[in-house]
Amino acid sequence: MKNSFLTMICCLMPATLITCTDKQSPADIPSSTIFYMDKPAASWYEATPVGNGRLGGMIYGGVKQDTIRTNDDTFWSGEPRDLQRPGAYKCLPEIRRLLLEEKNLEAQKVIDANMLGPWNQNYMPLADILLEWDGDGDVSAYRRELDLNRGVVTITYSRNGVNYKRELFASFPDQAIVMNVSADKKKAIAFTAGLGSQVNHQTKTDGDQVVINGQAPFHTDPNYTGVHSPVYMEGKGMRFEGRLQVKQSDGEMTAAGDRLHVKDASSATLTFVAATSFNGFDKDPYANGRDEKAACEKYISQLKTKEYESLYQSHVADYSSLFGRVSIDLGKSPEASLPINERIANYKPGDDPALTALYFQFGRYLLISASRPGSQPSNLQGIWNQDMQPAWSANWTINCNAEINYWPAEITNLSECHAPMFDMIREASVDGAKTAANLYNSRGWVAHHNLDIWRTTWMVGGTGLYSLFQVGGAWLCQHIWEHYLFTLDKDFLKKNYDLLKNASLFYLDNLQTDKDGYLVTIPSESFENGYVKPNGETGWACVGSAQDMQIVRALFENTMNAAEILDDGAFKEEVAKAYAKLAPMKISPRTGQLQEWNDDWEPSDPASGQVGHGWAFAVGNQITLRGTPELAQAFRKTVEYRRPGYSYNSGSWTGTFPAIYWARFEEPDSVQRVIDRHFDLALHPNLTSLFMGSWQIDGNLGITTAVTEMLLQSHAGEINLLPALPAKYPDGSVTGLRARGGYEVDIFWKGGKLTKAEIKADRTKGDETIPVRYGDIVKSVKLAKGQTVVLDGSLE
């Protein structure tokens, strides 16, 4: 049963007066790895995130009432659903005929009437850890700090002559959220601990633990449908259990109802574990779910014999083995002495170069925290969610957002964190094969605009403007090939080759011939963007949008390359025949811009920020600055006209894409303008990325990628050093970045000029020669596997 304690609003600012004193000087603060606030969080967007890939927590850090809002990455509404409609493909001949006859609006009506499906389910909040701290008196020197080097949140403050300290982290080795509380005077700590949840739940105490059991709704609608009542059904819906254990306390502990009371302690360790009944994307989590209680008991029993120091050391060793691979220095900032919320509020272009380095490293921290081997991949909000109906269901939107989340994985040396994405691709291919057969009468597999944990691939509801994105699966496959390019892991490629091959099979069957004799996708749309025809007609359904064809072309190229490596010559030849007939990219004779549609149409809203046909420039490498200069300049004209960096607030994809565009155009001032706008308009007080009122994590992770791309690029067949270094960072260094081909790269510069680069061939197959570029200087460098070459500013 819920009670007043568990339903209290624990995120309110405590009434206790907090004064801010003793701010550190910039010299004392590693400004690219530590940030802090000088007061408890007043909202979720001021809280501090921790995560171990599976469990996430948002730490408020109150001194009277405190909350840690937790999530488990498998806790979703719903259950596996069969959304397949055999024979639905029978509408396609009419749709294709209408589009080829340029009756686009009629085709849209047929698409919306016959091809759409139901909405995704929602990612759920799990449990709230609720703490009440005893004690009166004013608080001074409050500090809530996140140390990115250790992955540890530290809260310190003084009250009535006592110095209090809490250390919190989410441990991957021990699968728990851990908090250690201490004071510098004996018997100074007293608190009450409980658990609550927004879903249906019950709580109780069990010895030194508070236990919560709950159940997700059988169904929830997206927040934008206007339906806000979750549907609970007996015998339906995912279950969960959470356990909060209080241990290693030298005080007195008692239980009362569903709460634990501790008093007269000088220290205590709290550990939170949780498990759900999720048993796979294709199993009913209620009828065929795993035993969440047994799983939770196993987690907690493994902690019983471990002292806090052991938990701490295991966490730091594991976490730092990933985070510590890359260091970055973009300059010192006096602003680093400010609380992060003030630092963000006071941000001005040209100031605070260290904030860019901090943001880069915070992105890496978030990816480590939200995506570890065996977990779900990072969703729209990573792993953190406080809402029963989160923005866009906190699902995996695969027309860009889910992919952007993983752009930093390889280049910032977090290859292991990429693994959950590959698991999701394989799971999606199961339903994707059914969708290919039933909706398109094709072999292979396909996925559209959205995925949830149940991995359904049918088009979602609403309109085909966004749900008709038949290259979602093909884009996901780009991650498989990119992982291979960075790691040269042939075993990985062999294991996942079938995903590339079967994704290609879908297009071999599904591509149609356009009026010029080229193979194209029909029906198609372009990144949720509408067009205006010369006759004034507006619409979205089309024949072979440029983005579709760029993605299909990349899939075919990657599949042919993989087939050659793995000696599948027959399939390579089959793909090559279709590849030769793919519609090429076009430059408008009217405007000189890269055409977004097969026909020379105008965008209906040029300022929308949707510039999908930059995919080949920002994601693939079919357009490069020097390899295809005419296409690159045509796309530059598109970007100048559409100005995507000025759409919305440069959060999420509206900041990521233009920042990447300008980095690959090698125009540093333009990159910096997008980053400045992102910092000015798109940050919550806790450094998470703001987009349309919510946290959308691809903003964090995308700008992390853009910072990397201004320092190092390798997509065009060469290692390009400092291709777009803004003047804001005249002196600096970055170490541990990765380049395609199996290289690790360290870069140092002074006065805006390269001084030294170290390139290590630690994953190459043997002796390799790679072109290395710095500005207009290009040098071919030969390295044996394991060898490191050191170059100066002249590449000698």
Side-chain angles (χ1 to χ4, degrees), residues 325-330 410-413 415 481-482 484-488 557 561 617-618 620-633 636 660-671 705-727 729-796:
R325 295 172 182 173
V326 173
S327 67
I328 187 170
D329 177 6
L330 296 179
E410 303 297 337
I411 55 178
T412 73
N413 217 335
S415 190
W481 183 245
E482 286 283 297
Y484 173 75
L485 290 180
F486 279 92
T487 65
L488 302 184
E557 290 173 353
N561 287 329
F617 188 63
N621 61 359
Q622 298 157 35
I623 304 175
T624 61
L625 198 59
R626 297 174 185 88
T628 59
E630 290 184 0
L631 290 173
Q633 289 309 308
R636 191 184 193 286
I660 300 292
Y661 295 155
W662 290 119
R664 292 197 170 180
F665 280 128
E666 299 180 9
E667 299 188 26
D669 291 342
S670 297
V671 179
T705 306
V707 173
T708 311
E709 290 264 331
M710 70 189 198
L711 303 176
L712 176 69
Q713 296 176 18
S714 63
H715 64 284
E718 59 186 17
I719 294 177
N720 194 348
L721 305 171
L722 302 182
L725 179 67
Y729 318 106
D731 305 325
S733 64
V734 63
T735 65
L737 297 182
R738 303 293 315 186
R740 294 166 182 84
Y743 302 97
E744 185 171 288
V745 183
D746 301 344
I747 309 172
F748 305 84
W749 65 95
K750 191 171 184 63
K753 303 295 183 182
L754 177 71
T755 57
K756 184 175 72 169
E758 298 184 10
I759 302 173
K760 180 179 181 181
D762 59 345
R763 296 178 185 168
T764 55
K765 293 177 286 187
D767 292 356
E768 300 288 343
T769 299
I770 182 74
V772 178
R773 173 182 293 277
Y774 173 57
D776 293 331
I777 307 171
V778 182
K779 181 181 179 66
S780 291
V781 177
K782 185 176 182 179
L783 296 95
K785 184 172 184 178
Q787 182 182 357
T788 299
V789 64
V790 180
L791 304 171
D792 61 19
S794 62
L795 300 189
E796 294 299 328

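- Residues forming a side chain to side chain donor-acceptor pair (under 3.5 Å) with S327 (at least two apart in sequence, or on another chain): T735.
- Looking at heavy atoms from C-beta onward, E768 lies out of side-chain contact with K785 at the 4.5 angstrom threshold.
- Residues P726 and M710 form a side-chain contact, since some pair of their non-hydrogen atoms from C-beta on lies under 4.5 Å apart.
- Evaluation of the ring pair (Phe, Tyr, Trp, His ring centres under 6.0 Å) rule for F665 yields F617, W662 as partners, not counting sequence neighbours.
- Put simply, the side chain of V734 does not reach to within 4.5 Å of the side chain of V745, judged on heavy atoms.
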Using the side chain to side chain contact (heavy atoms under 4.5 Å, CB included) rule, take V778 and V772 through it: C-alpha gap first, then chi angles, then the decisive distance, then the call.
CA-CA 6 Å; V778 182; V772 178; over 6 Å; no
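- R763 places no side-chain N or O within 3.5 Å of a backbone atom of Y743 that could act as its donor or acceptor partner.
- Among residues two or more places apart in sequence or in another chain, the salt bridge (charged side-chain N to carboxylate O under 4.0 Å, His left out) test is passed with K756 by E758.
- S415 and T487 get closest at one heavy-atom pair: OG-CG2, 3.6 Å.
- Residues I411 and L737 fail the side-chain proximity criterion, which asks for heavy atoms closer than 4.5 Å.
- In plain terms, the two heavy atoms of V781 and L783 that are nearest each other are CG1-CD1, 3.4 Å.
- Every side-chain contact (heavy atoms from CB on, under 4.5 Å) that K750 has, sequence neighbours left out, goes to D731, T755.
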Show the numbers, then the answer: is there a side chain to side chain contact (heavy atoms under 4.5 Å, CB included) between V707 and V671?
CA-CA 9 Å; V707 173; V671 179; over 6 Å; no
Please determine whether side chain to side chain contact (heavy atoms under 4.5 Å, CB included) holds for the pair L711 and I328, giving the CA-CA distance in whole Å, both sets of side-chain angles, and the decisive distance to 0.1 Å.
CA-CA 10 Å; L711 303 176; I328 187 170; 4.0 Å; yes
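- With a 4.5 Å cut-off on side-chain heavy atoms, I759 and T788 do not count as touching.
- For D792, there are no salt bridge (charged side-chain N to carboxylate O under 4.0 Å, His left out) partners, not counting sequence neighbours.
- Partners of E667 under the side chain to side chain donor-acceptor pair (under 3.5 Å) rule, at least two apart in sequence or in another chain, are R636.
- Remark: T769 engages S780, K782 in a side-chain contact (heavy atoms from CB on, under 4.5 Å) (not counting sequence neighbours).
- Atom OH of Y729 and atom CG of L722 lie 13.0 Å apart (nearest 0.5 Å).
- Remark: T628 engages no residue in a side chain to side chain donor-acceptor pair (under 3.5 Å) (not counting sequence neighbours).
- Nearest approach of L791 to L795, heavy atoms of both residues: CD2-O, 3.6 Å.
- Between A761 and A784 the shortest heavy-atom distance is CB-O, 3.7 Å.
- Although no hydrogens or angles enter the test, the distance criterion places a donor-acceptor pair under 3.5 Å between the side chain of D746 and the main chain of G736.
- Side-chain contact between D329 and S733 is present, with at least one heavy-atom pair separated by less than 4.5 Å.
- Rounded to the nearest 0.5 Å, atoms CG (L485) and CG (N621) are 8.5 Å apart.
- Not a single side-chain contact (heavy atoms from CB on, under 4.5 Å) links A727 to another residue, sequence neighbours left out.
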N/O donor-acceptor pairs under 3.5 Å from side chains in residues 713-720, not counting sequence neighbours:
unit_1	atom_1	unit_2	atom_2	d
Q713	NE2	A663	O	2.9
Q713	NE2	E709	O	2.9
S714	OG	R740	N	3.0
S714	OG	R740	NH1	2.9
E718	OE1	R773	NE	3.4
E718	OE2	R773	NE	2.7
N720	ND2	E666	OE2	3.0

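- Of all heavy-atom pairs spanning D762 and G742, the tightest one is OD1-O, 3.1 Å.
- Every ring pair (Phe, Tyr, Trp, His ring centres under 6.0 Å) that W481 has, sequence neighbours left out, goes to Y484.
- Between the side chain of Y774 and the backbone N or O of L754, at least one donor-acceptor pair lies under 3.5 Å.
- With sequence neighbours left out, N413 forms a side chain to side chain donor-acceptor pair (under 3.5 Å) with E744.
- For L330 against W749, the heavy-atom pair with the smallest separation is CD2-CZ2, 3.7 Å.
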